[in-house]
Number of protein chains: 2
Amino acid sequence: MAQDHSGIGSRERILAAAAAMLAEDVTATLSVRAVAARAEVSTGSLRFHFPTQRALRDAVLARIYGGLFSDDPIQDRSLPARDRLVNCLRQVLAPAGVGQQAREAWTKAYQTYIASDPTDEVRTAYLALEREGRRRIEYWLTVLADEGALPEEDHTSRARFLSTVLNGLSIERALPAEDSILQSETETLYTAVDCILTANQRE
Amino acid sequence: MAQDHSGIGSRERILAAAAAMLAEDVTATLSVRAVAARAEVSTGSLRFHFPTQRALRDAVLARIYGGLFSDDPIQDRSLPARDRLVNCLRQVLAPAGVGQQAREAWTKAYQTYIASDPTDEVRTAYLALEREGRRRIEYWLTVLADEGALPEEDHTSRARFLSTVLNGLSIERALPAEDSILQSETETLYTAVDCILTANQRE
DNA sequence: ACCTGAACACCGTTCAAGT
DNA sequence: ACCTGAACACCGTTCAAGT
């Protein structure tokens with residue numbers, strides 16, 4: 001007997017439950033039974049809407065990364081510095097998409113910049129784009145530095161480091177991957193960000 | 001009743017069994033029961049010698065990669081841990097080449113894994129390759145952990161982080177760049193490695 | 001000290017059966 | 001079409017009991 005969920009579809013309940021669990025704990029495992037219980041549906045129902053755990057994870061990923069942060073997360077003083085910076089980096093990563101979308105994005109990048117020796121024009125265009133990206137990261141770092149979360153020093157090398165991490169995550173979205181990208185990506189982002197924010201402890 | 005294994009210790013049998021399983025299939029999961037069965041010991045015996053699956057994994061990695069690279073930079077005790085790890089990562093990065101060579105390498109990778117939806121065969125082949133790479137990094141981390149350079153804990157997420165950094169640096173070698181890549185690359189590698197090695201200061 | 005194997009608490013997936 | 005929940009085949013870890 002199907003339960004009455006007052007009009008909200010099971011699919012939606014499941015996604016909401018999974019998103020809530022991730023919101024509470026980014027390292028949450030999102031097991032079939034845990035999500036199903038939280039959503040108050042059966043495991044069978046969950047499987048009906050998401051034929052595999054990977055499908056569920058992907059759907060949740062799409063929901064979280066998709067336009068959730070419409071305004072600049074760096075300004076949200078209610079969160080700790082590391083969470084805000086991670087949210088910003090996620091926002092950069094979002095357009096990369098997942099699965100086929102990510103592959104298509106890299107197809108374009110490949111054809112433009114890698115397939116053939118780039119013309120000077122293309123080259124400088126890319127360098128401008130890349131610098132723009134790093135500038136954005138640097139801006140975030142200065143905001144956090146103003147709050148004392150990291151040293152006031154030069155942020156260029158830190159920004160470049162984060163940019164490289166983003167490039168790595170981005171290409172990994174296009175390459176074949178296990179179904180746990182969501183978790184490992186978050187973990188990696190936090191590792192990178194913590195690296196930056198605790199750099200003042202050293203030297 | 002303990003079985004007679006004609007003098008070969010259980011510990012050794014277990015390691016041999018696990019190594020054999022990895023030799024046959026690098027994607028092998030090395031589950032408790034599978035390894036124990038192969039070694040013809042009980043799961044309890046396996047747990048006695050290797051208190052956790054991670055302990056087993058680490059021991060197997062040490063055996064496999066231990067004597068494999070005689071000129072392994074990780075063994076060079078005359079250098080500090082961070083320099084050795086950076087050297088190891090550099091060794092991984094070296095075959096990626098620079099300039100046109102890097103572009104050619106990524107052309108191959110692109111065509112194989114990204115251009116079209118990879119077949120299951122291609123997919124698992126890549127995942128095996130990737131896991132192999134991460135395993136190698138994990139091995140280096142266990143060596144350094146034995147020296148107290150970083151916590152004994154789980155190294156999988158650390159290895160994945162470093163793997164992502166390497167992927168980022170690798171793709172950046174193929175993309176247009178300023179002429180100072182090699183210097184900034186070194187900086188990034190040290191940033192990433194210091195991040196790993198100082199993680200024990202926190203928490 | 002070393003080893004056994006049952007038991008516990010999980011996991012993802014499948015599927016006959018219901019509405 | 002949507003949903004249920006039992007069942008299956010796993011997983012890692014714990015532990016009383018044996019030698």
Side-chain angles (χ1 to χ4, degrees), chain A residues 1-18 21-22 24-61 176-184 187, chain B residues 1-18 21-22 24-61 120 123-124 127 131 135 138 142 152-157:
Chain A
M1 155 93 166
Q3 286 176 249
D4 176 18
H5 294 315
S6 47
I8 308 121
S10 290
R11 204 193 134 84
E12 216 51 38
R13 295 178 58 81
I14 292 163
L15 281 175
M21 289 168 72
L22 280 181
E24 285 166 16
D25 177 13
V26 280
T27 71
T29 315
L30 290 193
S31 82
V32 203
R33 286 164 186 79
V35 175
R38 176 88 174 232
E40 292 179 292
V41 299
S42 66
T43 65
S45 177
L46 192 150
R47 262 298 150 278
F48 175 78
H49 291 289
F50 307 97
T52 167
Q53 282 305 92
R54 201 180 132 75
L56 171 61
R57 277 177 235 251
D58 283 353
V60 175
L61 186 100
E178 281 143 10
D179 7 4
S180 56
I181 347 172
L182 169 65
Q183 270 101 327
S184 63
E187 261 181 69
Chain B
M1 153 95 166
Q3 286 176 249
D4 175 17
H5 293 317
S6 44
I8 308 120
S10 289
R11 203 192 135 84
E12 216 52 37
R13 294 178 60 78
I14 293 163
L15 283 175
M21 288 167 74
L22 279 182
E24 284 166 17
D25 177 13
V26 279
T27 73
T29 315
L30 291 192
S31 83
V32 204
R33 288 164 185 77
V35 175
R38 176 86 173 234
E40 293 179 291
V41 300
S42 66
T43 64
S45 176
L46 192 151
R47 263 299 150 277
F48 175 78
H49 291 291
F50 306 97
T52 168
Q53 281 306 92
R54 215 186 92 72
L56 170 63
R57 223 176 119 79
D58 285 352
V60 174
L61 286 186
D120 273 359
R123 198 182 125 81
T124 51
L127 289 179
R131 197 169 337 188
R135 247 199 269 272
E138 278 180 49
T142 57
E152 298 279 355
E153 310 162 2
D154 183 49
H155 295 135
T156 50
S157 78

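Any value given below was found using the heavy atoms of this structure, including those in side chains, with hydrogens, waters and symmetry copies removed. We name chains A, B, ... by the order of the sequence lines, and we start the count at 1 in each one. Please read all numbers here as calculations on a predicted model, not as lab measurements.
Remark: T156(B) OG1 to R135(B) CZ distance equals 12.0 Å, nearest 0.5 Å. Going from atom CE of M21(A) over to atom CG of L30(A) covers 5.5 Å, rounded to the nearest 0.5 Å. Annotation: the span from L56(B) atom CG to R47(B) atom CZ amounts to 7.5 Å, rounded to 0.5 Å.
Within 4.0 Å (heavy atoms only), S45(B) reaches at least one base atom of the nucleic acid. Here T43(A) lies in heavy-atom contact (under 4.0 Å) with a base.
Taking atom CD1 of residue I8(B) and atom P of nucleotide dC3(C), one finds them 12 Å apart after rounding to whole Å. The nearest whole Å value for the distance from the CZ atom in F50(A) to the P atom in dT13(C) is 13 Å. Residue E178(A) contributes atom CD, which lies 16 Å from atom C1' of dG12(C) at whole-angstrom precision. What separates CZ of R47(B) from C1' of dA16(D) is a distance of 18 Å, to the nearest Å. Here dC11(C) presents its P atom at 17 Å from CD of Q53(B), a figure rounded to the nearest Å. In this structure, CD of E40(B) is placed 11 Å from P of dT4(C), rounded to the nearest angstrom. Rounded to whole Å, atom P of dC2(D) lies 4 Å from atom CZ of F48(A).
Of the candidates V32(B), V35(B), D58(B), V32(B) is the only one forming a side chain to side chain contact (heavy atoms under 4.5 Å, CB included) with Q53(B).
Distances shorter than 4.0 Å separate none of the side-chain N or O atoms of T52(B) from OP1 or OP2 on dG12(D).
dA9(D) is unpaired under the Watson-Crick or G-U wobble criterion, no partner having all donor-acceptor distances under 3.5 Å. Nucleotide dA1(C) forms a Watson-Crick or G-U wobble pair with dT19(D), both donor-acceptor distances falling under 3.5 Å.
Both G44(A) and V32(A) lie close to DNA chain C; mapped to their nearest nucleotides by heavy-atom distance, the more 5′-ward contact belongs to V32(A). With DNA chain D read from its 5' end, the first of the two nearest nucleotides for L46(A) and L30(B) is the one closest to L46(A).
Residue S31(A) has its side chain nearest to dG12(C) when only dT4(D), dG12(C), dC3(D) are considered. Side chain of R33(B), nearest nucleotide from dT4(D), dC3(C), dA7(C): dA7(C). Listed candidates were dT4(D), dG12(C), dC3(C). Nearest to the side chain of S42(B) is dC3(C). Listed nucleotides dC3(C), dC11(D), dT13(D) differ in distance to H49(B); the shortest reach to its side chain belongs to dC3(C).
Side-chain atoms of R57(B) do not come within 3.5 Å of backbone N or O of T52(B) as any donor-acceptor pair.
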